[in-house]
Amino acid sequence: MRDFFPFIIAGLVTGSVYGLAATGLVLSYQTSGIFNFGHGAIAAVGAYLFFQLRQEWGVPWPIAGVVVLVIAGLVIGYVFERLARGLEGTSTAARVVATVGVLIAIQGLLTATYGPAARDSRTFLPTHVFSIGGVNVGLDQVIVFLVALGATAALTQYLRLTATGSAMRAVVDDSQLLDLAGTNPTRVRRTSWAIGSAFAALSGVLLAPAIGLDPLLLTLLVIQAFGAAAIGRFSSLPLTFGGGLVVGLIASLSTKYVSQYQVLSGFPAAVPFIVLFVVLVFARRGWLAELGTSAARKVGRRPHASRRARIVGVVSLIAVVAAAPFFAGPRLPVYSTALVFVLVFASLRLLVVTSGQVSLCHATFAAVGATTFAHLAGGAGLPWLLALLLAGLLAVPVGAVVAVPAIRLSGLFLALATFGFGILVERLVFPMAIMFGKGGQVTAPRPDLGVFDTNTPKGFYYVAVVIVILGLAGIHAANRSRLGRLLRGMADSPVALATLGTSVNITRVIVFCLSAFFAAVAGALFASFSGTVGGVSFPSFLSLTLVVVLAIAGGGELLAPVVAAVALQIVPSYVRNATFNDYLPVLFGVSAVAVAVLSNPRLDVDARLRALGTRVHWRDRTSRIAVRARAVGAEGRP
Amino acid sequence: MLALSHVDAGYGETTVLRDVSLVVPVGSVVSLLGPNGAGKTTVLRVASGVLHPASGRLLLDGDDVTGVAPHQLVARGVCHIPEGRGIFRSLTVRENLLTQAPSTPPADALARAVEAFPILGERLSQTAGTLSGGQQQMLALARAYTTDARVVLLDEVSMGLAPLVVDEIFSFVERLAAAGRSLLLVEQYVTRALAISDFVYLLNKGRMAFAGEPGELDEEAVFQGYVGASV
């Protein structure tokens, strides 16, 4: 029994920090209805700011700590409250994209400023070790635990006993009524965002000495709070804190066991995401209620290109793509990668745009395709094309697994479940032999087409062109078919679709399977092109970037994936300026936030654009109508 | 005095009110009648600042307060009890009463609420969502009394309640009027509302169809107004 104590203590300490972060997350989610995927990024900002103040500028740590908390609370909290207000009334997809955009922007900013390598964060708490019943406990561990517990307990009491606390709970019930009762709901929300952000920053400061300063790691560590928040039903603060402790304990205790099994080495790190996924998938219906009114999709009149214009567009696009080897020069491999990403984006678009389901594990599908292809074509020696197809088909069951939460959950919780799934596969399954194995890499062959040499960049480029065009044609066919109409109908109103006698569930499963298939084919193509491929090519973080970049690429069926792939792959290779490329993720993130906020129907941007469009593009048509109306004696409307 | 002057208002691209003007003189009781969908609730929403008019003005004591936020109008003495149960369901009765009257000292707010509705005094620690419908409405109405509101807007406060409770609600409304508060009533009990009103407005399809004193309004016209025929 004594063997367990050190693990229990370690688990309680990290668990209490998860609980602290999760409590802040739940508080801001409850009062504003905006679930902040960027919560972890605030923690990272807090940790770096603390590092900057204390280690770079030599500020004593207590002062640095206070400064960090004040800045996180007042400045970051204020910014998030403004963002949340801008997102009020937008679709769930827009909200997810916006806060994921913040995550990517902040993470990019930290990486650009401090470099991707982890910095050493000196401990600042006393590390004096004492013994409780024969078990060594660090004083810093005790302090961290007590600070986290104390902050959460203080918050709970604050909500119960103070007027602002009552108002914070009241704003959850009915914010308009609170306004009518004479309390400014915006001020109340700002307070709760301030507290939530300060909690996130505090958890970052407390975690940093244990894990070092790494922008990605810190961000993801606090995302572990999502699992704790799920246990608290995204609503109860004490249960959320308890959930943090549970997650910390399971993760810590499991390290003791899995050390004996190499294959499970990723388990402890995956625990929070397993908890998140399991809670979301097995929660009773109605147990989780999504907050905030989700707007119906805006249907604006878009200026439709004529059929001829579209054909001209597609043909000229194909011409440019086909001619790429003649102008790309040494950058041709970048174009091949971009082609792969066109297919990845097109398959993601099928899910996110056509069927309206936000999936945050798309890179996982591609990774599954890549390894399956490598095992089949490289290991088992199957013919290239057959292996490519099988790689796609074997990803279909994976898509079906992800579709299970899609059947039960909608909107935000689906996004969370897929996000959890992506990370748990990355941590748990990627290192296993069936995927990338212990070495973290697998090798894959290029196709053997006889006289046509596919080993040159140009040769493979044309292989990629053919496969990607076939894939896009398949997705286009799916879009145009009955299934495509059902998917668009489902995005508008699942209920209406059900009343028409269609099984919404089966439609959901099919679209996930289809999307997984094409993403896996793209992944397989990438594997074949790269020769060796590893998990680093498809990190779970890439899934977030994909969704964000697709969101800013516009709505065109063909154009959006192409624009997204160009922005993600080709632009960075042409811009020589290293600073620009460092800040590119920041640009993506900020643009995604802007796109999401501008999609707010309350802004009525469409009407303004429409007015502009009428003036600019449709002037001749309206004037023609006016002339005709005058001719028949009707009043021409201005 | 609260006044709407030539107000057009609506939701999104739908216009609900067209050129509506209405005055609630100091210390008087005004009834706003009209069939379902006439825009009565929208008038109250404009009057309390929840909805800002597309054109026209909202005036309070002669000052233009168009576009002012609801909580700021509350500070200037406007109290709007919305349709349905205007309470915070997950808060206790005590927390509700205190949240409702942020600028009244807590002890005062509780004492006045209990004075108005003694039953609330027995339920202070109960979660508001678990009260009966009548008690919930009393809790919502208490705000009109615990704050120093000068203009009180009541939207169908007797809706869906038992007759005995309706009596209690009406006697509370009369007490508010007697205390010199200006009232704007939207009521389904038309005769009872008219009995305590100094002035009456009839709204139909978003336009004012009649404005005057209750005596000038014959019952037939009211009935026709309610069944939706044009008056």
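The model shown is predicted, which means the values in this text are computed figures rather than measured ones.
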*Asks:* Can you confirm whether Arg175(B) is buried at CZ, in the sense that more than 12 heavy atoms of other residues, nucleotides or ligands lie under 6.0 Å from that atom?
*Replies:* yes
*Asks:* Roughly how far apart are Glu95(B) CD and Leu159(A) CG, rounded to 0.5 Å?
*Replies:* 10.0 Å
*Asks:* Which heavy-atom pair separates Gly182(A) from Pro102(B) by the least distance, and what is that distance?
*Replies:* O-CG, 3.8 Å
*Asks:* For a quick test of reading the model, state the closest non-hydrogen atom pair linking Thr99(B) to Thr183(A) and the distance between them.
*Replies:* O-OG1, 4.1 Å
*Asks:* Which bit of Arg94(B) comes within less than 4.5 Å of chain A, counting heavy atoms only: side chain, backbone, both or neither?
*Replies:* neither
*Asks:* Side chain from CB out, backbone as N, CA, C, O: work out which of these in Arg160(A) comes under 4.5 Å of a heavy atom of chain B, or both, or neither.
*Replies:* backbone
*Asks:* Is there any residue in residues 71-91 of chain B with a non-hydrogen atom under 4.5 Å from a non-hydrogen atom of chain A, and which ones are they?
*Replies:* His71(B), Val74(B), His80(B), Pro82(B), Gly86(B), Ile87(B), Phe88(B), Arg89(B), Ser90(B), Leu91(B)
*Asks:* To the nearest 0.5 Å, how far apart are CG in Leu98(B) and OG1 in Thr162(A)?
*Replies:* 11.0 Å
*Asks:* Taking ring pair (Phe, Tyr, Trp, His ring centres under 6.0 Å) as the test, write out the residues that go with Phe117(B), two or more places apart.
*Replies:* Phe172(B)
*Asks:* With a 4.5 angstrom heavy-atom cut-off, could you sort out which part of Ala170(A) is near chain B: side chain, backbone, both or neither?
*Replies:* both
